[in-house]
Amino acid sequence: MRYAYKNRHPYLFIAPALFILICFSILPIFVAFGISFTDINLRSLADWSRINFVGLDNYISLFTDEVFLISIYNTVFYVAIGVPLVIICSLGIALLLNYGKNKLYTMFRTVYYMPSITNIVAIAVIWGFLYNTHYGLFNYFLSLANIDAIPWLEQPTIAKLSLILLAVWKGIGINMIIFLAALQGIPREYYEAAEIDGANRWQMLRHITIPLLSFATFFVTITTLIGWLQFFEEPYVMTNGGPLDGTLSMALFIYRNGFQLSEMGYAAAGSFILFFVIIVVTLLQFKLRKAETEY
């Protein structure tokens with residue numbers, strides 16, 4: 001009896017956090033799932049008698065909605081290009097900074113990390129000037145080489161690539177810190193043994209550094225992939241999904257239908273399709289990781 005009473009103490013400590021998690025994370029998921037089967041909108045919030053159960057109609061309509069299909073294509077485009085770029089750039093910068101030991105390299109760590117903690121609105125203002133077709137800095141540099149001005153945010157494919165460039169620049173910092181911490185956790189003895197055996201830097205990178213960074217790489221890949229599947233801030237602030245829905249992501253599509261068009265049931269259905277995609281992709285990543293570990 002006394003033993004059982006002592007076991008209650010840990011649960012008392014985690015109870016407040018668990019209560020907040022259930023109320024503000026788990027319960028809203030179930031509520032949103034229920035809403036996705038209704039036609040709830042702004043008018044029906046004032047009068048619940050207007051809410052009708054529509055079954056799978058919202059989900060069926062989504063897959064026949066041309067705009068939603070465009071948002072899926074755009075999201076896949078963002079993920080396919082943005083995720084590898086973030087991982088490669090973050091790892092590359094972390095490797096370079098790890099070799100340096102003086103204060104200059106410490107300063108560069110701060111420089112690379114700053115964009116990730118800078119407000120997206122401030123970033124959008126600055127990059128908006130950089131991307132300006134007539135007066136932007138990027139086109140000014142191109143004009144010095146007698147290259148015609150590029151409509152950075154005015155043509156769908158180029159606009160997507162422009163947003164990817166911005167998001168990669170903003171997302172490098174946090175992942176760089178993760179890789180840097182993992183690099184500094186590798187025992188120096190491994191490199192000393194490799195040097196005695198006559199290994200060069202490339203061989204040490206390939207056979208020591210990269211394999212020992214596998215867990216950090218896996219973690220960065222998972223978090224980056226989830227973040228890019230929910231790509232929202234950059235297209236919302238920079239282009240609002242334009243031109244011609246060319247930069248519209250799935251997250252922005254959900255926001256537009258839920259908060260601008262007040263079609264909350266429709267938006268909830270879209271959010272659960274995105275939720276399902278994220279779960280499937282994450283589970284596949286874990287399965288691949290497990291297969292590599294067993295191998």
Determine, step by step, whether Glu154 and Thr133 satisfy the side-chain hydrogen bond (donor to acceptor under 3.5 Å, both in side chains) criterion, reporting the C-alpha distance in whole Å, the side-chain angles of both residues, the deciding distance to 0.1 Å, and the verdict.
CA-CA 9 Å; Glu154 298 172 11; Thr133 305; 2.9 Å; yes
Val76 reachable from Leu244 in the ILVMFWY side-chain graph, under 4.5 Å edges
no
Mind listing the closest non-hydrogen atom pair of Ile273 and Met250 along with its distance?
CG2-CE, 4.2 Å
Report yes or no: do Phe286 and Leu288 belong to one cluster of Ile/Leu/Val/Met/Phe/Trp/Tyr joined by side chain heavy-atom distances under 4.5 Å?
no
Please identify which of these residues, Thr223, Thr224, Ile222, meets the side chain to side chain contact (heavy atoms under 4.5 Å, CB included) condition with Ile226.
Ile222
Connected via hydrophobic side-chain network under 4.5 Å: Val220 and Ile117
yes
So Ile174 and Tyr113, do their side chains get closer than 4.5 Å, heavy atoms only?
yes
State, yes or no, whether a side-chain contact exists between Met264 and Asn41 at a heavy-atom distance under 4.5 Å.
no
Leu283 and Leu229: same hydrophobic cluster, using ILVMFWY side-chain contacts below 4.5 Å?
yes
Criterion side-chain hydrogen bond (donor to acceptor under 3.5 Å, both in side chains) on Thr209 and Tyr191, from CA distance to verdict:
CA-CA 9 Å; Thr209 306; Tyr191 296 106; 2.7 Å; yes
Less than 6.0 angstrom separating the ring centers of Tyr59 and Phe37, yes or no?
yes
Do the side chains of Arg188 and Glu195 get close enough for a salt bridge, i.e. N-O under 4.0 angstrom?
yes
Decide side-chain hydrogen bond (donor to acceptor under 3.5 Å, both in side chains) for Trp152 and Asn139; before the verdict, give the C-alpha distance in whole Å, the side-chain angles of both, and the deciding distance to 0.1 Å.
CA-CA 9 Å; Trp152 297 101; Asn139 279 338; 3.1 Å; yes
Report the relative orientation of the aromatic rings in Trp127 and Trp169; use parallel for angles under 30°, tilted for 30 to 60°, perpendicular for over 60°.
tilted
Before giving the answer on side-chain hydrogen bond (donor to acceptor under 3.5 Å, both in side chains), spell out for Thr247 and Thr239 the whole-Å C-alpha distance, their side-chain angles and the decisive distance to 0.1 Å.
CA-CA 7 Å; Thr247 59; Thr239 61; 2.6 Å; yes
Looking at Gln260, I want to see if its CD is surrounded by more than 12 non-hydrogen atoms of other residues, nucleotides or ligands under 6.0 Å.
yes
For side-chain contact (heavy atoms from CB on, under 4.5 Å), just list the numbers for Lys160 and Leu153, CA-CA rounded to whole Å, side-chain angles, deciding distance to a tenth of an Å, and then say yes or no.
CA-CA 8 Å; Lys160 281 194 284 287; Leu153 300 175; over 6 Å; no
The single option from Leu166, Leu248, Leu252 that satisfies side chain to side chain contact (heavy atoms under 4.5 Å, CB included) with Pro235 is Leu252
Can you classify the ring geometry of Phe253 versus Phe68 as parallel (below 30°), tilted (30 to 60°) or perpendicular (above 60°)?
tilted
Take a 6.0 Å sphere around CZ of Phe53 and say whether it holds more than 12 heavy atoms from other residues, nucleotides or ligands.
yes
Will you find, in the side chains of Asp65 and Tyr266, an N or O donor that is under 3.5 Å from an N or O acceptor?
yes
Give me the atom names and distance for the closest heavy-atom approach of Ile158 to Pro151.
CG2-O, 3.7 Å
If you define the side chain from C-beta out and look only at heavy atoms, does anything of Tyr131 sit under 4.5 Å from Met238?
yes
Can the ring centroids of Phe33 and Phe275 be said to lie less than 6.0 angstrom from one another?
no
If hydrophobic clusters are built by linking Ile, Leu, Val, Met, Phe, Trp and Tyr wherever their side-chain heavy atoms come under 4.5 Å apart, do Val280 and Leu62 end up in the same one?
no
Phe218 atom CZ, neighbour heavy-atom count above 12 within 6.0 Å:
yes
Could you check if a side-chain atom of Ile150 sits within less than 4.5 angstrom of a side-chain atom of Phe138, using non-hydrogen atoms only?
no
Looking at Tyr236, I'd like to know if its OH atom is crowded, meaning that more than 12 non-hydrogen atoms belonging to other residues, nucleotides or ligands lie closer than 6.0 Å.
no
Of all heavy-atom pairs between Cys89 and Ile172, which one has the smallest distance, and what is that distance?
CB-CD1, 3.7 Å
Would you sort out whether Thr217 and Ile210 count as a side-chain contact (heavy atoms from CB on, under 4.5 Å), showing the intermediate values?
CA-CA 9 Å; Thr217 305; Ile210 299 300; over 6 Å; no
Please test Ile81 against Leu161 for side-chain contact (heavy atoms from CB on, under 4.5 Å), starting from the C-alpha separation and ending with a verdict.
CA-CA 9 Å; Ile81 298 177; Leu161 293 173; 4.0 Å; yes
How far apart are the closest heavy atoms of Glu234 and Leu163, and which atoms are they?
O-CD2, 3.9 Å
Do Ile72 and Val277 make a side-chain contact, defined as non-hydrogen atoms from C-beta onward lying under 4.5 Å apart?
no
Closest approach of Ala251 to Gln230 (non-hydrogen atoms, all atoms of both residues)
CB-O, 3.8 Å
Do Val86 and Trp228 touch side chain to side chain, with heavy atoms closer than 4.5 Å?
yes
The test is side-chain contact (heavy atoms from CB on, under 4.5 Å); show your working for Ile254 and Phe232 and say whether it passes.
CA-CA 10 Å; Ile254 294 164; Phe232 172 77; over 6 Å; no
Closest heavy-atom pair, Met176 versus Ala94, reported as atoms and distance to 0.1 Å, is O-CB, 3.8 Å
